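Keep in mind the model is a prediction, meaning the values are calculated, not measured. Chain A is the first sequence line, chain B the second, and so forth, proteins listed ahead of strands; every chain is numbered from 1.
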Amino acid sequence: MNHEIAQGPSFAVLKVGLQRNDVLTAEAGSMVSRFPRVKMRTRLNAPRGAGFFGSLGAFFTALIRKFVAGESIMVNDFTCEEGGEVTLAPTFSGNIALKRLKGDRVLLTRGSFLASSGDLQLKMRWGGLRGLLAREGLFFLEVSGTGDLFYTSYGGTLEVPVNGTLTVDTGHIVAFDPSLDFRIRTPGGGFLGLVASGEGLVVEFSGRGTVVLQSRNVSSLTSWLTPRLP
Amino acid sequence: MQIDLQHQPSQAMAHVVLLPGESVTAESGAMVGMTPNVQLTTGSGGLLKGLKRLFGGESFFRNTFTASHGSEVGEVYLAATLPGDLVVLDVGLSKYYLQSSAYVASTPGVDVDTKVGGFKTFFAGEGLFVLKTTGQGKVIAGAFGAIEEVQVRGEYIVDTGHLVAWEDSLQFRITKAADGWIASWLSGEGLVCHFSGQGTLWMQTRNPSEYGQELGRHLPARES
């Protein structure tokens with residue numbers, strides 16, 4: 001499998017060349033184009049157990065993933081025995097980045113997953129009660145195993161190495177290493193800082209690892225738009 | 001007439017230089033700015049043509065910008081609504097189909113006709129109405145996001161929400177994304193356009209209706 005990320009950072013697309021035995025799993029609705037010989041198979045976004053109850057379990061897992069992690073209920077598997085290309089794009093304007101996993105793990109925030117290949121396990125991880133306070137931090141998608149993970153950001157992608165502490169706005173987090181510890185706190189400046197700084201709540205990461213940030217924030221866009229609608 | 005594109009690909013704008021007496025027709029609302037010697041006239045090109053456009057999701061009226069006779073050239077700046085790229089297509093030997101919301105402007109020798117007949121162009125789900133260009137001149141098409149140009153040799157499938165324009169040498173048909181209706185709906189891809197033959201097509205890297213739906217989910221319900 002070979003890939004190319006083009007048109008970044010504003011309007012990135014992912015082009016994947018599939019060979020025999022390659023499987024690319026993509027978020028439902030993300031396909032832009034494909035050769036007709038590239039086969040698309042739609043399935044529930046969850047591992048499926050045996051029998052009826054296995055299917056039912058998978059269905060509920062997929063539903064939970066939809067409502068708490070912001071993923072699609074269904075995913076599409078693309079394969080091509082004769083070799084062919086498929087193009088994918090996210091919904092918002094922004095970039096696409098690749099994370100190669102070799103037995104390590106990464107945590108993604110709501111809506112950041114675009115596609116994956118290889119032997120990757122996706123599961124939801126409870127962000128803890130501290131996550132309740134932050135709008136987007138309630139659940140994370142934990143990706144582990146060996147394979148390629150393509151994720152998307154609203155705006156450009158910034159990889160920030162952390163050695164010590166880093167404070168970021170909750171709406172700008174795309175992904176981070178599970179080795180990092182984090183806590184939710186007010187941005188500082190007391191009560192005025194919380195209500196008037198426009199920063200809302202922030203996340204403070206500590207330890208050693210990497211945090212991936214996005215240069216735009218969907219909540220900021222929609223809260224700007226909302227009072228202007230008729 | 002001279003057309004050059006600026007601020008590509010994210011925020012493209014067309015700079016059109018008109019010789020005295022020359023004109024360019026644009027989608028209503030596309031004008032960014034113009035020099036004082038350019039006259040704007042608004043027309044539908046006939047009631048039926050206007051209605052067909054309205055039906056196809058465009059505006060009833062279009063504006064024509066004409067540089068007055070004299071010694072000075074006229075200048076018009078044109079842009080599309082959503083952030084993205086523009087492409088200038090040479091109509092003449094090649095004719096084009098445009099997804100209707102991609103139309104930004106055209107020169108007077110080009111006839112742009114809305115295709116409302118036939119089942120295959122009638123799917124409003126993703127707003128796919130197509131325009132066909134004939135005649136001689138230039139058409140400016142706009143995209144949401146960047147533009148990917150694809151040389152089709154054989155067959156190719158594009159999500160209808162990502163179409164901008166394609167040469168009429170390509171045959172096309174609208175099909176379900178998967179084998180069945182339920183699978184097509186579940187896959188999130190809905191309808192796709194299946195191309196065959198030889199020719200060039202232009203795709204936009206973002207899907208306007210998908211973006212609108214996603215954004216709408218985050219906005220409060222409209223009070224009635």
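- Between B:Arg206 and A:Pro90 there is a side-chain heavy-atom pair separated by less than 4.5 Å.
- Two residues are said to be in side-chain contact when any heavy atoms from C-beta on lie closer than 4.5 Å; B:Leu219 and A:Thr226 meet this criterion.
- Annotation: maximal heavy-atom pairing with chain B below 4.5 Å, among A:Ala6, A:Pro36, A:Ser10, occurs at A:Pro36.
- Rounding to the nearest 0.5 Å places NE2 of B:His218 at 11.0 Å from OG of A:Ser223.
- The backbone N or O of B:Ile147 lies less than 3.5 Å from a partner atom in the side chain of A:Gln7, making a donor-acceptor pair.
- In A:Arg20, the CZ atom is not crowded: 12 or fewer heavy atoms of neighbouring residues, nucleotides or ligands sit closer than 6.0 Å.
- A:Phe35 is not listed as a side-chain neighbour of B:Glu155, based on a closest heavy-atom distance of 4.5 Å or more.
- The part of A:Thr42 that comes within reach of chain B is its side chain, from C-beta onward, which places non-hydrogen atoms under 4.5 angstrom from that chain.
- Residues B:Val158 and A:Thr87 are not in side-chain contact: their nearest non-hydrogen atoms beyond the backbone lie 4.5 Å or more apart.
- For chain B, no part of A:Val38 is nearby; none of its heavy atoms comes within less than 4.5 Å.
- Between chain B and the residues A:Val32, A:Thr222, A:Asn76, the most heavy-atom pairs under 4.5 angstrom are made by A:Val32.
- Side chain to side chain, A:Thr91 and B:Glu210 meet the donor-acceptor criterion of an N or O pair below 3.5 Å.
- Looking at B:Val192, the atoms closer than 4.5 Å to chain A (heavy atoms on both sides) all sit in the side chain, from C-beta outward.
- Shown here for A:Phe11 and B:Thr205, the closest heavy-atom pair between the two residues is O-OG1, 3.1 Å.
- Taking the side chain as every heavy atom from C-beta outward, A:Ser33 and B:Met203 approach each other to under 4.5 Å.
- Between the CE atom in A:Met31 and the CG atom in B:Asn207 there is a gap of 10.5 Å [rounded to 0.5 Å].
- Ion pairing of A:Lys15 with B:Glu148 is present here, as a side-chain N (NZ or NE/NH1/NH2) and a carboxylate O approach within less than 4.0 Å.
- Contact tally against chain A (heavy-atom pairs below 4.5 Å) for B:Gly84, B:Pro9, B:Ala146: the top residue is B:Ala146.
- Within 6.0 Å of CD on B:Gln2 lie no more than 12 heavy atoms contributed by other residues, nucleotides or ligands.
- Proximity to chain B is absent for every atom of A:Leu88, based on heavy atoms less than 4.5 angstrom apart.
- When the shell of 6.0 Å around CZ of A:Arg37 is examined, it contains more than 12 heavy atoms from other residues, nucleotides or ligands.
- In terms of heavy atoms, B:Ala178 sits closest to A:Met40 at CB-CE, 4.1 Å.
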